[in-house]
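Chain naming here is simple, since letters A, B, ... match the order of the sequence lines and numbering starts at 1 in each. Quick caveat: nothing in here was measured; it's all calculated off a predicted structure. Scope of the values below: all heavy atoms of this structure, side chains included, with no hydrogens, waters or symmetry mates.
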Amino acid sequence: MDAVVVTVLSLLAILFAVAAWASRDNFYSAIYMSAVMLTVGAVYAFHGIYSVFVLIAFIFIGAIGIITVALAATYRFLNPRKLNELWVIVVEIIAVVLAVTAGINTFMAGEFSDAFDRILPDYLTMIAFLIVLTTLLMLSAISMLRRDSA
Amino acid sequence: MIETAASLGLLALGYLMMISAKDVIRILIALELMFSAVFLSLVPFFTNPSLVVEGNAIAILTVFASAGELLILISAIIFLDRKFRTTAIETTDVGGDVL
């Protein structure tokens with residue numbers, strides 16, 4: 001049963017990624033990309049690794065994902081270039097061979113477990129780290145913006 | 001494991017999306033696809049009892065580093081649009097400093 005759920009989630013992730021690549025509109029590509037992130041987070045949640053699921057859900061789907069969707073909704077009209085079909089087929093064959101090889105040669109060494117409490121005492125510390133990181137990045141962005149407009 | 005195979009598939013699709021992009025927004029989306037492949041490839045760490053702590057630490061560092069990188073890229077895209085009134089990749093240069 002576990003393998004079926006993980007296989008379905010992985011296939012959904014691949015399908016959403018194909019849709020993000022095939023879509024001509026940046027807005028829909030960003031939506032499909034958020035769906036890929038959601039399925040990746042769902043894999044972690046299904047295995048009971050909730051700390052990584054929380055990180056992916058809050059930071060990538062919640063913050064970065066929303067900004068990307070908003071940005072893509074603003075600039076959505078440049079069509080991507082058409083790739084040579086032969087080149088795409090070669091890349092896909094190599095990717096499938098690599099994926100099958102990696103999938104066969106990696107294995108479960110035991111049951112899934114989470115060790116977040118052995119790295120950080122609680123989620124508040126992590127939230128504090130995230131706020132500091134975002135503030136530092138935004139401060140540098142604001143200083144660049146002010147220098148640019150001066 | 002199925003997750004590792006799926007992560008390689010996601011990485012290949014991210015690369016394909018990157019090389020077919022004509023604007024930087026699409027490159028940003030492709031990068032996020034590649035980061036999702038990275039997160040999926042970390043799953044096997046959590047099955048080995050002697051590597052679970054390392055897996056958690058790598059996951060936290062990866063999430064923070066990639067979030068910072070994506071925030072900087074989003075700021076750079078906004079600056080690019082303010083300066084050139086376009087997000088086409090033809091306006092960018094190698095290294096980004098000679099324009």
Asks: Taking every non-hydrogen pair under 4.5 Å, which of Ser51(A), Ala13(A), Ser10(A) racks up the most with chain B?
Replies: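 So the answer, after comparing Ser51(A), Ala13(A), Ser10(A), is Ser10(A).
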
Asks: Between atom CG of Leu13(B) and atom CE of Met34(B), what is the distance when rounded to the nearest 0.5 Å?
Replies: 10.0 Å

Asks: At what distance, to the nearest 0.5 angstrom, does CZ of Phe53(A) lie from CG of Leu38(A)?
Replies: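 Answer for the CZ-CG pair, Phe53(A) versus Leu38(A), is 7.0 Å.
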
Asks: Is it the backbone or the side chain of Ile49(A) that comes under 4.5 Å from a heavy atom of chain B, or both, or neither?
Replies: side chain

Asks: Is it the backbone or the side chain of Leu28(B) that comes under 4.5 Å from a heavy atom of chain A, or both, or neither?
Replies: side chain

Asks: Is Leu51(B) close to chain A through its backbone or its side chain, or both, or neither, when contacts mean heavy atoms under 4.5 Å?
Replies: neither

Asks: So which part of Ile56(A) gets closer than 4.5 Å to some heavy atom of chain B, the side chain, the backbone, both or neither?
Replies: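 Answer is side chain: those atoms of Ile56(A) sit under 4.5 Å from chain B.
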
Asks: Looking at Ile72(B), Leu11(B), Ile25(B), which has the largest count of heavy-atom pairs under 4.5 Å with chain A?
Replies: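 Heavy-atom pairs under 4.5 Å are most numerous for Ile25(B).
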
Asks: Can you say whether Val18(A) sits under 4.5 Å from chain B via the side chain, the backbone, both, or neither, judging by heavy atoms?
Replies: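 Both the backbone and the side chain of Val18(A) come within 4.5 Å of chain B.
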
Asks: Checking heavy atoms, do the side chain of Phe16(A), its backbone, both or neither come under 4.5 Å from chain B?
Replies: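 Neither part; nothing is under 4.5 Å.
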
Asks: Answer yes or no: is there a donor N or O on one side and an acceptor on the other, between the side chain of Thr47(B) and the main chain of Pro44(B), under 3.5 Å?
Replies: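 Checked: pair present.
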
Asks: I'd like to know which of Leu42(B), Asp81(B), Ile77(B) tops the heavy-atom pair count under 4.5 Å against chain A.
Replies: Asp81(B)

Asks: Pick from Met33(A), His47(A), Glu92(A): which one has the most heavy-atom pairs with chain B under 4.5 Å?
Replies: Met33(A)

Asks: Under the side chain to side chain contact (heavy atoms under 4.5 Å, CB included) criterion, do Asn56(B) and Phe46(B) qualify, and how do the steps go?
Replies: CA-CA 8 Å; Asn56(B) 253 305; Phe46(B) 295 90; 3.7 Å; yes

Asks: Is there a side-chain contact between Glu3(B) and Leu9(A), using heavy atoms and a 4.5 Å cut-off?
Replies: no

Asks: Chain A heavy atoms under 4.5 Å from Ser41(B): which part of the residue, side chain, backbone, both or neither?
Replies: neither

Asks: Contact part of Ile19(B) toward chain A, heavy-atom cut-off under 4.5 Å: side chain, backbone, both or neither?
Replies: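 The answer is both parts of Ile19(B).
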
Asks: Under 4.5 Å, counting heavy-atom pairs only, tell me which of Gly68(B), Ala76(B), Ala12(B) racks up the most with chain A.
Replies: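 Heavy-atom pair counts peak at Gly68(B).
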
Asks: Please report the closest heavy-atom contact between Ala59(B) and Val52(A), naming both atoms and the distance.
Replies: CB-CG2, 3.9 Å

Asks: Looking at every heavy atom in both Glu32(B) and Met37(A), which two are closest together, and how far apart are they?
Replies: O-CE, 3.1 Å

Asks: Closest heavy-atom contact between Ser23(A) and Tyr28(A)?
Replies: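 In terms of heavy atoms, the two residues are closest at OG-CB, 3.5 Å.
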
Asks: Are Val8(A) and Val40(A) linked, directly or through other ILVMFWY residues, by side chains that come within less than 4.5 angstrom of each other?
Replies: yes

